[in-house]
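Note sheet for the following structure.
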Amino acid sequence: MFDLLSEPIRKYIRDKRWEYLRPIQAAAIKKILSSDEHVILASRTASGKTEAAFLPILSKVDFREPGVKVIYISPLIALINDQFQRIEDLCSYLDVRVTKWHGEASRSLKEQLIKNPSGVLLITPESLEAMLANAPQNARKLFGAVNYIVIDEIHSFLGADRGIQLKSILARLKPLNSGKASVVGLSATIGDYAQAKTMTGDEANTKVLLDKSVKEVDVKLRYHLSDGADLPIDLMKNLYLETRDHKVLIFPNSRSRCEEVAVKLKKLSDRVKGHPYYFSHHSSIHKELREYIETFAKTNVRYPFAIACTSTLELGIDIGSVDMVVQIDSVQSISSLVQRLGRSGRREGEKSKLLFYATNPWSLLQTLACLDLFDEGYIEPLRPAKKSYDILLHQVLAYVKQFSECDFNKLWENIHSNHAFTDIEEHELKDIVAWLLETNLLEKINGQLIIGVDGEYIVNSKDFYTVFKTEPAYKILHQEKPIGEMPFSPQLEINENLMLAAKIWKIIDIDHKASKISVIPASDGKKPAFSGNGGIVHSKIRERMLEVLVAKKEPAGMDETASEALRQLRKEFSGFGIECLEDDRPVLYKDSVVQLYTFQGTLVNRTLAFFLRKLNISFTYEESDSSFVFRELSQDLPTVLNEAMRLLPNLHAHISADLEENPSLLAFSKWGEYLPIEYQCELLINKYYDFENASAFIERVNFVRFT
DNA sequence: GACCTGCTGCGGCTTG
């Protein structure tokens, strides 16, 4: 393979003293150099995917003619900054210019590129959106000669609104260079290759190159039952002893818990004069502090450290290799587990090390299920987008802004040929455009659609370029230096103490006008409160939990208390006599209380809850064990579910009544509120609920009674 | 108790 590469690239490899090419690199070189087909490169973390894409692309592309030749698209600014150094290093062998283009990148360098377009461009989807909408003339000048579009961490776009937007942007780029650019997608965690291929818009000519080799994982499972809001002290002490001499990432699943873990570990360390390198890293920590932590982790070789973090440290940002990954209570998805495990054992021949703590039996069971699925190489498929009317509406505004004016037929031609919207029909676009005209987001002059009076505010706001929502928050400052931010809550009051950035603070001033809170150091205080929605657990994980629950086999890696907790939970359920894992579901009858364990994913349960509400049946739902508790059930469960199915033919009427009563149901969608009401209903049905799988569950479920 | 992601144009100021 080496000989196929161009001389400067071969020199790069010699200078790096690579003894051999990784399997994914060899395969990618062969494929990319021999064809112009789109490719998806799927291979575990730290397997050299970036080079797998760029070595052959840089060998093949002729950079002498003007114009940007390669676009690299990343979901994160931090990843662009990281990859910039690697790619620039590579490109220095070819005298090719690399330019960063995102909201925090240098404007003068952007302007230089527009004056004299060439080389490789690293950019975010939102920056592409902004360029297409605001300065289409720049986009034409820059992208007329693009040969390759590399999409990093492509799984982070799949199954998400941001992915539909990216698809649409790729479709809008096509006419600028007569569609001659090939797409190369990179990821370590793709569960559904068919869906990954749809990103390119040409599934038939998209090939997947897959390196299935996996790292061995060394797993230890511990159990410390928690009765209250805080983590048990014996868990914290054990965690301290296990991690004090190592470089570790700790994933406690919430920002609030990150603070708790970082502060408590630091206190334990202080007491015995241990190292001071305890940090917390999540979205509410100020950017500069986060960057400091990342740089510390990457460049420090001498000292052990512990970073309590959320999914901010899950994607490909390079913080080097850690000795161990700690997970406190279960992950919500296998994809997330794979990414987190990939942060340790990155060196050749090294194992990944995972230390897991459960604080309740269901979290232990969920982890065992996830590890089981992980061993099989399973990654949950993402829900394919169906009728994304909200993103369509956003892209309609973007198209009209990009074109300045266009008639309906031109708009329809563009939407119709856009692979993000293959399931949208002309009459649907007509309805939505008519509604946009009625609400003054669009206007029609001489048969031409233009942005309307109220639309101007929307498309000219800096909030226009994203398809996801963000909550307003207060800035937290110490001596005018920003530490982080928090959403306003009753917790934020003068003289209250709280944790942030692994330190404890006392609030001394609140400026509501400027949304600023001043703090000074303190020695004791509470965990911060953040508002958020948990993740979505896939039905496959819940089904596997049932399987592990009724199995006899003792899973490996558990300590004695964990084993005992599993034995206990298995004993509780041994009386049910589950025979068919797919259909049988336990129902516990105790006095007048009925508890149904569905072992279904979050979306199916959410849909079942919708039915129960509509039937005026009172219940409580518990996400951790996926169960519904009924305290005054007057009919038996099969009758109830039969009635639920009878609601289906009138679904729209029920949903629209719900929406009228509670418009915040649409809060999950940033652009949904601008849709006509009947399309808002469709959006709820397609994106928020899962009627297909809920109905299938109702039809096949067989209640296994236990008293 | 429950994750994350991104951003323009322009006016006005400071600094070399």
Side-chain angles (χ1 to χ4, degrees), chain A residues 73-81 101-105 107 110-111 123-136 138 152-153 155-163 165-166 169 226-231 251-260 280-285 287 290 308-317 327-333 335-337 339-340 359-360 362-363 366 394 398 401 456-471 473 487 489 526-537 602 606 621-625 668 670:
Chain A
I73 301 174
S74 150
L76 304 176
I77 290 177
L79 193 54
I80 288 183
N81 295 342
W101 190 302
H102 53 65
E104 293 163 16
R107 273 185 207 194
K110 291 180 190 171
E111 278 157 22
I123 194 166
T124 60
E126 285 76 12
S127 281
L128 277 171
E129 178 71 81
M131 196 194 299
L132 284 170
N134 295 335
N138 288 348
D152 207 353
E153 305 284 5
H155 69 279
S156 73
F157 294 111
L158 302 173
D161 287 344
R162 218 175 163 202
Q165 180 190 24
L166 177 56
I169 287 170
S226 157
D227 48 358
D230 281 357
L231 291 168
F251 291 94
N253 288 350
S254 78
R255 288 172 282 178
S256 179
R257 275 263 149 94
C258 283
E259 297 300 339
E260 184 189 356
S280 76
H281 189 287
H282 52 76
S283 66
S284 297
I285 304 282
K287 217 177 167 74
R290 280 160 70 176
C309 56
T310 59
S311 46
T312 45
L313 287 183
E314 214 174 83
L315 284 187
I317 302 163
Q327 176 68 46
I328 301 179
D329 284 327
S330 184
V331 287
Q332 305 279 58
S333 72
S335 164
S336 181
L337 178 65
Q339 295 287 348
R340 289 175 187 190
T359 67
N360 66 72
W362 290 98
S363 156
Q366 187 170 324
H394 177 252
K401 166 123 173 145
E456 287 289 343
Y457 289 104
I458 293 174
V459 302
N460 291 328
S461 142
K462 74 174 193 173
D463 206 30
F464 179 63
Y465 312 103
T466 57
V467 292
F468 52 86
K469 261 189 178 174
T470 37
E471 298 304 322
S489 75
K526 296 191 196 80
K527 285 190 293 191
F530 295 103
S531 51
N533 314 302
I536 285 175
V537 179
T602 311
R606 180 187 284 167
Y621 170 65
E622 181 58 52
E623 170 76 7
S624 67
D625 61 10
F668 70 91
K670 177 168 166 181

Have a look at Lys401(A) and say if it touches a base, only the backbone sugar-phosphate, or nothing, with a 4.0 Å heavy-atom cut-off.
nothing
From CG of Leu79(A) across to C1' of dC4(B) the rounded distance in Å is 14 Å
**Asked** If you measure only the distance, is there a donor-acceptor pair under 3.5 Å linking the side chains of Thr359(A) and Asp329(A)?
**Response** yes
Counting any heavy atom closer than 4.0 Å, what does Ala229(A) reach on the DNA or RNA strands: base, sugar-phosphate only, or nothing? sugar-phosphate
Asn253(A) CG to dG1(B) P, in whole Å, measures 14 Å
Check whether more than 12 heavy atoms from other residues, nucleotides or ligands sit under 6.0 Å from atom OH of Tyr457(A), and answer yes or no. no
Side chain to side chain contact (heavy atoms under 4.5 Å, CB included) filter on Ser156(A), not counting sequence neighbours, yields Pro75(A), Glu153(A), Leu315(A)
Its contact letters, B for base, S for sugar-phosphate only and - for none at protein heavy atoms under 4.0 Å, make nucleotides 5-14 of chain B read BBBBBB----
Just to confirm, is there a sub-4.0 Å distance from OP1 or OP2 of dG1(B) to any side-chain nitrogen or oxygen of Ser254(A)?
no
Separation of dC4(B) atom P from Asp161(A) atom CG, nearest Å, is 18 Å
Here the distance between atom P of dC4(B) and atom CZ of Phe251(A), to the nearest Å, is 11 Å
Comparing nearest nucleotides in DNA chain B, the 5'-proximal residue of the pair Ser311(A), Glu622(A) is Glu622(A)
Taken in chain and number order and not counting sequence neighbours, the residues that satisfy side chain to side chain contact (heavy atoms under 4.5 Å, CB included) with Lys462(A) are none
Item to complete: Assign the ring pair Phe530(A) / His282(A) to parallel, tilted or perpendicular, where the plane angle (0 to 90°) is split at 30° and 60°.
Response: perpendicular
From the list Leu79(A), Ile123(A), Asn81(A), side-chain contact (heavy atoms from CB on, under 4.5 Å) with Ser74(A) holds only for Leu79(A)
To the nearest angstrom, the NE2-P distance between His281(A) and dC4(B) comes to 10 Å
